[in-house]
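Heads up, the thing below is written out as C-alpha cells.
First the proteins, then the strands, lettered A, B, ... as listed; each starts at 1. Just so we're clear, the structure is a prediction, and the values are computed from it rather than from any experiment.
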Amino acid sequence: MEEINALFHGFSVILTPMNMLLMFVGIILGVLIGVLPGLGGANGVAILLPLTFTMSPTSAIIMLSCIYWGALFGGAITSILFNIPGEPWSVATTFDGYPMAQNGRAGEALTAAFTSSFIGAFVAVVMITFMAPLVAKFALKFGPPEYFAVYLLTFCSFVGMGKGSPFKILASMAIGFALAAVGMDTVTGQLRLTFGISELMRGFDFLIAVIGLFGIGEILLSMEEGLAFNGKSAKIDPKVVLETWKKLPKYWMTSLRSSLVGIWMGITPGGATPASFMSYGLAKKMSPTGAKFGTGEIEGVIAPETAAHAAGTSALLPMLALGIPGSPTAAVLLGGLLIWGLQPGPLLFVEQKDFVWGLIASMYLGNLVGLIVVLSTVPLFASILRIPFSIIAPIIVVICAIGAYTVHNAMLDIWFMLLFGAVGYLFKKLDYPLAPLVLALVLGDKAEDSFRQAMLVSQGEVSILWSNPLVGGISSLAMILLLWPLISRVLNKIRPPKAKEFAVEQPVD
Amino acid sequence: MEPQETNTVEHRSGVATYIVEAVIAAGILIMGLVVIFGSRALGSGWTSDGPGAGYFPFYIGIILCISGAGTLYQALFGKTKNTEVFVDGEQIKRVLSVFIPACVYVLAVQFIGLYVASAIYIALFMIILGKFSPIKSVITSLVVVVLFFFMFEVWFKVPLFKGQFDPLHFLGY
C-alpha cells in the first residue's frame, strides 16, 4: 500500500490553484494541437517546452503531460466530425466514427470516443501506479551493460515489431544515432563530425527534429492532398452523454481487451498508432456484430480510442522508470526532464518523489479534467477546423519556427527545422518510420555512454552483453527481435500462414 | 486548394516512386560513408584510455551503409518494383507553394526578425494563396503577431529573434 500513500502525497502536491490552472491551460492547448493538422502531441509539446523553462519541474511536467492528454483527446474530434485524423493514432477511429456522424449520431460517437479514451488512460495509469515503482526498484540494480542491453532491446523491437522494410527502420534509427553523435563528445570532449562548422558544435537537438519532421512535414503532406474540410456539426447535450454512457458497459470486454493491447504496445515501443489498429482488428474479429464494422458501429469507435489512449499513457512507464521513452512524445517529455535538471531513470523514484508522484497524480486528474473539458467544448474546437487552411498553414509554420528558435535561441536551428521538414515529407511518403529516428536522436548519447562504459569494463569484449543471466536474457531477446523479419520469413516457408482477414493498411508511426 | 482529383487521376505523370526511393537510399549510403570516414579520422579504434571518440559512430556508419545498400537493392532490383508516380505535377505544385514561401520566410526572419517577418508572411500567404482581401489578411496577421508578442515576450518572458529591425527596442523588448 506504499504506492497508495505515495499517490495521495502526489495529489497533495498538485492540488494547488496554480497547478490546476496550468492543467486546464495544458488540456485546452493540447486539444487545440490535436485538432489542428500539422501540430501533434510530439511537436506540440516540443514547441511549448521552452515556455516551461522558468517553471518548477512539477508544474512544468503537469502542463506538458496535460498537453499530451489533450492532444490524445483532440485527435478524435477531427476523425469523427471531419473524417480527417488529426493524429496518426486516430486513423482507425475514422472507420466507424465518421459513418456514425454521417448518420446523425456524431454526439454519441464523440461521447463514446472520449469516454473510452478516458477508460483506456485510467487503466494504464493504474498500471503505472503499481508497476513503475517495481520496475524502477528492479532497474536500480542495472549497470552499464544492462542499460545498453535495454537500449538495444528498445531499438531492436522497432525492427521486430515494425511494419514495412526492416532496412528502412534500421536506416531511420542509424540516422538518428549519427545525428546524435554530431558535436562535442561527452567522454573525450573532442568535436565529432562537425566538418569544421563551429555552429554544429552544439549538435542536432532532437526538439528541432521533432518540430521539423512532424510539424513541417505534416503540413507539406496535407498540402499535397489539397485539404477541403467538409465537417458534420456536433452538439453534445447531457442527454446524449447519459444515453451513451448507459450503452457503454455492454462493451466492457472490448474496453478491457483494447486497454491491454494498448498497455502492451505502449510499454514496448510499438506506439499508439499500431495499438489502435490492432485493437480495431481484434474487435472486428471478436464482436458478434463484426461484419457491420465500418458502417457506424459504436464498438468500432471504442476499441481504437481505448487502445490509443492506453498506449499513449503507458509509454510514460519506461520513460519514468528506466529513462527510456516508449514514444516520440515521451521522448520530448524526457528531453524536458533533462532541461529542468532531473536525471530520468530509476533514481527518480528515490530522489524526486514529489515530481514522480505529482506526475502520476496529474495523470489521473488530467484525464478526468480532459474528459470534462472536451465533452463541454466540442463545438468550439470543431469550429476551428472551419477556418480555411490558407490561414492555418502559415500560422503553424510561424509557430514551428518560433518553437525551433526558442530551443537554443539560434537562427540556424530554424533552417535545420525546414530541412527536417523536407526530410519528414519524403520519409513519410516512402514509409520510413520517424519514431526510431527521434528516439535514437534522444537516446544516442546515453546509449553510446553505456556502450562505452560496458566496453571499458570488459576491455572491448562484446561478450559482456551475455555475462550474466539478466543482461544475457535481455540481449538475446533483442537479437531475436532484430532478426525477426528473417525468422518469420523462414517460419512462413515451413508453415504457410493463414490468409489475413483484416487487411487494412497499417501506417508506420 | 480545391481537390481536383477528377482530372488528375487519368494522366498522372511524374517521377516513379522507385527512383525517388533509390535516390534517398543512395543518400543514406553516402551519409554512412561520410560517418565512417569521419569517425576513422577521429580514431575509431582503442586508445590508451578506452574506446576512442569515433568508436561508436563508426558502427553506426556501417549500419547506415548496410541499410542504405539494402534499400537501394530492393528499390532497383526487388521483385515488386514500385512504379507508381511519386508526386504528380499538381501535387508538387501545391507542396512547393507552401515550402518555397516557408524558405523565403526563414530567410526574411534572418534579416528583419521573427515578428515582422511573420506578419508579412501570414498576410502575403493569405492574399496570394488564400485569395483573401488585403484588409482582412493584414488584420489577421497583425492580431496573430501581437498575440504571440504578448504570449512570449510579456507573459512567459521568452525573447524571440528580432534581427536588425527592432521597432520596440526603446521599450526594452
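For chain A, no part of Cys65(B) is nearby; none of its heavy atoms comes within less than 4.5 Å. In this structure, chain B has no heavy atom under 4.5 Å from any part of Met173(A). Contact annotation for Met455(A): both backbone and side-chain heavy atoms come within less than 4.5 Å of a heavy atom of chain B. Proximity to chain A involves both the backbone and the side chain of Leu107(B), based on heavy atoms less than 4.5 angstrom apart. Proximity to chain A involves both the backbone and the side chain of Ile122(B), based on heavy atoms less than 4.5 angstrom apart. With a 4.5 Å cut-off on non-hydrogen atoms, Ala171(A) touches chain B through its backbone and its side chain both. For a residue to count as touching a neighbouring chain, one of its non-hydrogen atoms must lie under 4.5 Å from one of that chain's; by this rule Val144(B) touches chain A with the side chain only. Using a 4.5 Å cut-off between heavy atoms, Ile60(B) contacts chain A through both its backbone and its side chain.
Put simply, of Thr140(B), Ile24(B), Val35(B), the one with the most heavy-atom pairs under 4.5 Å next to chain A is Ile24(B). Counting heavy-atom pairs closer than 4.5 Å to chain A, the top-ranked of the candidates Val34(B), Leu124(B), Val145(B), Val98(B) is Val98(B). Of the residues considered (Val397(A), Val423(A), Ile399(A)), Val397(A) shows the highest number of contacts with chain B, using heavy-atom pairs under 4.5 Å. Taking Ile169(A), Ile402(A), Thr406(A), Asn409(A) one by one and counting their heavy-atom pairs under 4.5 Å with chain B, the maximum is reached by Ile402(A). Interface summary for chain A: among Tyr55(B), Tyr59(B), Tyr105(B), Phe37(B), the most heavy-atom pairs under 4.5 angstrom belong to Tyr105(B). In terms of non-hydrogen atom pairs under 4.5 Å with chain B, the most contact-rich of Ala181(A), Ala178(A), Ser172(A) is Ala178(A). Of the listed residues (Phe427(A), Phe177(A), Tyr405(A)), the one with the most heavy-atom contacts under 4.5 Å to chain B is Tyr405(A). Note on Pro101(B), Ala41(B), Pro57(B), Gly38(B): by heavy-atom pairs under 4.5 Å with chain A, the leading option is Pro57(B).
Between Tyr425(A) and Phe99(B), a ring centre-to-centre spacing not shorter than 6.0 Å is recorded. For Phe148(B) and Tyr115(B), the gap between ring centers reaches or exceeds 6.0 Å.
To the nearest 0.5 Å, atom CD1 of residue Ile62(B) and atom CZ of residue Phe58(B) are 4.0 Å apart. The structure places CD1 of Ile208(A) at 12.0 Å from CG of Asn43(A), a figure rounded to the nearest 0.5 Å. Atoms CD1 and CD1, on Ile28(B) and Ile63(B) in that order, are 13.0 Å from each other to the nearest 0.5 Å.
Side-chain atoms of Phe86(B) and Leu426(A), non-hydrogen and from C-beta on, do get closer than 4.5 Å to each other. Counting heavy atoms from C-beta on, the side chains of Leu170(A) and Ile66(B) never come closer than 4.5 Å. Between Leu129(B) and Ser97(B) there is a side-chain heavy-atom pair separated by less than 4.5 Å.
Nearest heavy atom pair, residue Val159(A) against residue Pro166(A), reads CG1-CB, 4.0 Å.
Between Lys168(A) and Glu21(B), at least one side-chain nitrogen of the basic residue sits less than 4.0 Å from a carboxylate oxygen of the acidic one, meeting the salt-bridge criterion.
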